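Only one structure is covered here, and it is reproduced in the block below.
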Amino acid sequence: QQQVKQSPQSLIVQKGGISIINCAYENTAFDYFPWYQQFPGKGPALLIAIRPDVSEKKEGRFTISFNKSAKQFSLHIMDSQPGDSATYFCAATPSNSGYALNFGKGTSLLVTP
Amino acid sequence: NAGVTQTPKFQVLKTGQSMTLQCAQDMNHEYMSWYRQDPGMGLRLIHYSVGAGITDQGEVPNGYNVSRSTTEDFPLRLLSAAPSQTSVYFCATPSYFGDGTRLSIL
């Protein structure tokens, strides 16, 4: 059973545009929500993460928005660049479980020039 | 990737063979995990550990064993390889993933 649902499966954005990826979860024990970026042939790399005590976290061009009541969180990539083209995964975990992550199925992002 | 080293990078096995995927970290982190990545499935948790001597099962543990005798090392053992175990395997700490082992079972 997929504990974290991610959409869309794929996304095409023009350079300079905003990329938005959404995730939803059901388990209220989840209290750590990271996003990972993966390039072909490489392992996922931690991009940004949020805990449910804040509704938004921004790091450079990357922002996580978190809605605790709706059990949803999203990644916004501002001013998207061709170098951002990669697969993005959201995840969730109860942090007292050893950070054993439940991943969404991923979003393949293509940023066109 | 910095801090998590996986070996080998590639491996081809025959059905029924056993092997161990190695994972080592140099960050002295208590938490380590193993995931498999399959097309369209995302990453799925196989086993994880919250410290030396302590392991637990994840979402897809069947056919795999782990042990954690030291903080640094967290090997994953395939007991009797099956074609369904063809996948890319990643070892991770909370902040870092290794670059993976690409495993094919014929």
Side-chain angles (χ1 to χ4, degrees), chain A residues 1-11 21-27 29-51 57 59 62 73 75 86-109, chain B residues 1-7 9-10 21 23-25 27 29-61 64 66 68 71 74 76 87-103:
Chain A
Q1 181 181 357
Q2 191 80 20
Q3 295 208 51
V4 178
K5 296 182 179 179
Q6 182 173 347
S7 63
Q9 185 176 356
S10 63
L11 183 61
I21 305 170
N22 300 299
C23 286
Y25 66 98
E26 288 296 327
N27 190 339
F30 291 160
D31 63 356
Y32 177 70
F33 304 89
W35 285 89
Y36 290 85
Q37 179 189 57
Q38 186 179 32
F39 293 105
K42 306 294 285 185
L46 180 63
L47 198 58
I48 185 173
I50 197 168
R51 295 189 183 274
K57 183 174 182 179
E59 290 184 2
F62 300 92
F73 58 111
L75 177 69
T87 301
Y88 293 81
F89 293 94
C90 62
T93 183
S95 56
N96 63 1
S97 73
Y99 288 87
L101 296 166
N102 299 274
F103 280 89
K105 291 189 177 183
T107 296
S108 178
L109 171 65
Chain B
N1 280 358
V4 179
T5 303
Q6 290 185 241
T7 56
K9 295 189 184 304
F10 303 92
L21 280 63
C23 175
Q25 56 119 343
M27 297 166 287
H29 210 293
E30 292 297 313
Y31 303 149
M32 297 184 76
S33 305
W34 275 102
Y35 301 86
R36 60 177 290 174
Q37 184 173 29
D38 303 292
M41 299 295 292
L43 292 103
R44 293 181 291 170
L45 180 67
I46 305 172
H47 285 285
Y48 66 100
S49 171
V50 297
I54 307 170
T55 64
D56 206 348
Q57 296 181 351
E59 179 185 358
V60 289
Y64 308 95
V66 292
R68 186 96 180 270
T71 300
F74 190 39
L76 178 73
S87 188
V88 182
Y89 291 85
F90 290 101
C91 178
T93 64
S95 298
Y96 294 102
F97 276 69
D99 274 340
T101 294
R102 285 145 185 83
L103 184 61

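Residue numbering restarts at 1 for every chain, and letters A, B, ... go by the order of the sequence lines. Since the structure is predicted, the reported quantities are computational estimates derived from the model, not experimental observations.
Residue A:Gln6 does not touch chain B at all, counting heavy-atom pairs closer than 4.5 Å. For B:Arg102, the part lying near chain A is the side chain, with the backbone staying farther off; criterion is any non-hydrogen pair under 4.5 Å. Within the 4.5 angstrom heavy-atom criterion, only side-chain atoms of B:Gln37, from C-beta onward, approach chain A.
Counted by atom type alone, A:Gln3 and B:Glu59 present zero donor-acceptor pairs between their side chains at under 3.5 Å.
With chain A as partner, the option from B:Pro94, B:Cys91, B:Ser33 having the largest number of non-hydrogen pairs under 4.5 angstrom is B:Pro94.
Using cut-offs of 30° and 60° on the angle between ring planes, the pair B:Phe97 and B:Phe90 is perpendicular.
Between the side chain of A:Ser108 and the main chain of A:Thr87, no donor-acceptor pair closer than 3.5 Å is present.
Legend: residues meeting ring pair (Phe, Tyr, Trp, His ring centres under 6.0 Å) with A:Tyr88, ordered by chain and number and at least two apart, are absent.
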